[in-house]
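For reference, the structure discussed in these notes is given below.
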Amino acid sequence: MDSKEFITHRQNMFHLMEDNSALLVFSNLHSEHKNEIHRNFYYLTGILEEGDVVLLYKKNDKLNEMIFIPPYDEFKAKWVGASLSAEEVKLRSGIFAVYDLDRWKSTIYRILSECKNLYLDFNRQSPDENLTEEEVFAKEVQEKNPWISILNAHPLFAKVRTIKSKQELNQMRKAIEITQKGIEAILSNIQPMMEYQLESYFDQAIKYHGATGYAFPTIAASGKNGCCLHYQDNTSMMQDGDLVLFDLGAHYNMYCADISRTFPVNGKFTPRQKEIYEIVLHGQEEVFKAAKPGITTKELNQILIKYFAKELKRIGLIKEDSEVSKYYYHGVSHHIGLDCHDLCEYTPLQLGSVISNEPGLYIAEENIGIRIEDDVLITETGCENLSKDIIKTVEEIEAFIAQRKGN
Ligand code: GLY
Ligand code: MN
Ligand code: MN
């Protein structure tokens, strides 16, 4: 994505900030993995480097922005590669005021002397964690400048990240396209083998097609394993006659795909597997029909549950609507973007949101675990299935496998 995109992201945040306020975001998350850079820092700057600090400052409705970066480190350059130069940071982010990292504190305190509020991105995952960099700094500011109100920037980030731009959608379409190649590689090689062996065809294919990583650890769950929602061992032998559930996604330029498909290990669904598979597939259709601006993901889930209740009663698996939860025990939808479970505003869906549509039925007593998951863009009047080209119907799956096996 080019610098114009990140300029727009900063404008989006700027519109939500109160006047006479500063927003400070650390790239922190000291990790060897580039995609572990703070997503909100990346969202604002397009930069994936440790130790940087970005500062937005709204004064009399005018946006000022600056970024602070570590000095050139010869040792780092020799071992893991040089950090971006000031010139490269300017080009990538569109921020022209690039300063040495050691100036960030004196600069923010100078700005705070004329400010009412300081926004920091507080996102505590658990009460046991050490204080975050933001919490440490907030404490310091409150002691030194008690007149400053410390505000949480996280809900503002949630609001802006809920709506995807054209360029963000392009990254997601590419992540999905690469994931499709990986799924086709799986289907081209499917037969009884270890779950991790079949998974490895996905790994090879997405790497070959330019994935920058995984959106999340791949789930390759055959037979009963498919009933465990976050099964990640992938160490069982897949049996002839079983289904195998894959939940996987490529990562591309920081954006995620999140797709699930369920296949017959021997290439052919049994009549019972087909019956359950088609209930899941039609359940997904019901959700597609309902997904549009104004509806909530909770309402989409209720539509699915109602459909499953009708169908599971029809085939005699349950007697009461309330028993659906025995066979379907997660939500049908979450937002997708920079994170697989993306930061979002929990409001009715809006034009430009991307969500998953992932119904599943898990019948452990029959060794059947089925999930079908596509990624969906909310449009003006409904939705667009971004992953519609990924093989899905019983007929398509069986024909694809038969053709690859040459029969
Ligand atoms: N892959 C995680 C999920 O579908 O939510
Ligand atoms: Mn998934
Ligand atoms: Mn999902």
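Remember, it's 1-based here, ligands and their atoms both numbered in the order they're listed. Every heavy atom of this structure was used, including side-chain atoms; hydrogens, water molecules and symmetry mates were not.
- Ring centroid separation for the pair His154 and Phe157 does not come in under the 6.0 Å cut-off.
- Taking the charged nitrogens against the carboxylate oxygens, Asp2 and Arg92 have no contact shorter than 4.0 Å, which rules out a salt bridge.
- Taking 2.8 Å as the criterion, Cys340 does not count as a coordinating residue of the Mn ion (ligand 3), since none of its N, O or S atoms falls below it.
- Scanning all protein heavy atoms for the shortest distance to atom 5 (O) of ligand 1 gives His341 NE2, 2.6 Å.
- Salt bridge status for Asp73 with Lys78: absent, with no side-chain N to carboxylate O gap under 4.0 Å.
- Side-chain contact between Lys392 and Asp374: present, with at least one pair of heavy atoms (C-beta onward) separated by less than 4.5 Å.
- In terms of polar-atom proximity, defined here as any N/O pair under 3.5 Å, His230 makes no such contact with ligand 1.
- Within ligand 1, the atoms closer than 4.0 Å to a non-hydrogen atom of Glu358 are 3 (C), 4 (O), 5 (O), numbered from 1 in the order shown.
- Distance check for Glu373 against the Mn ion (ligand 2): an N/O/S atom falls below 2.8 Å.
- In summary, of the residues considered (Ile47, Ile69, Leu24, Ile95), a side chain to side chain contact (heavy atoms under 4.5 Å, CB included) with Val54 occurs for Ile95 alone.
- Under a 4.0 Å criterion applied to the non-hydrogen atoms of Phe216, ligand 1 contributes the atoms 1 (N).
- Residue contact check: Glu373 has heavy atoms under 4.0 Å from atoms 4 (O) of ligand 1.
- Contact of the Arg404 side chain with the Leu187 side chain is not registered, since no non-hydrogen atoms from C-beta on lie closer than 4.5 Å.
- Closest N/O/S atom of Asp247 to the Mn ion (ligand 2): OD1.
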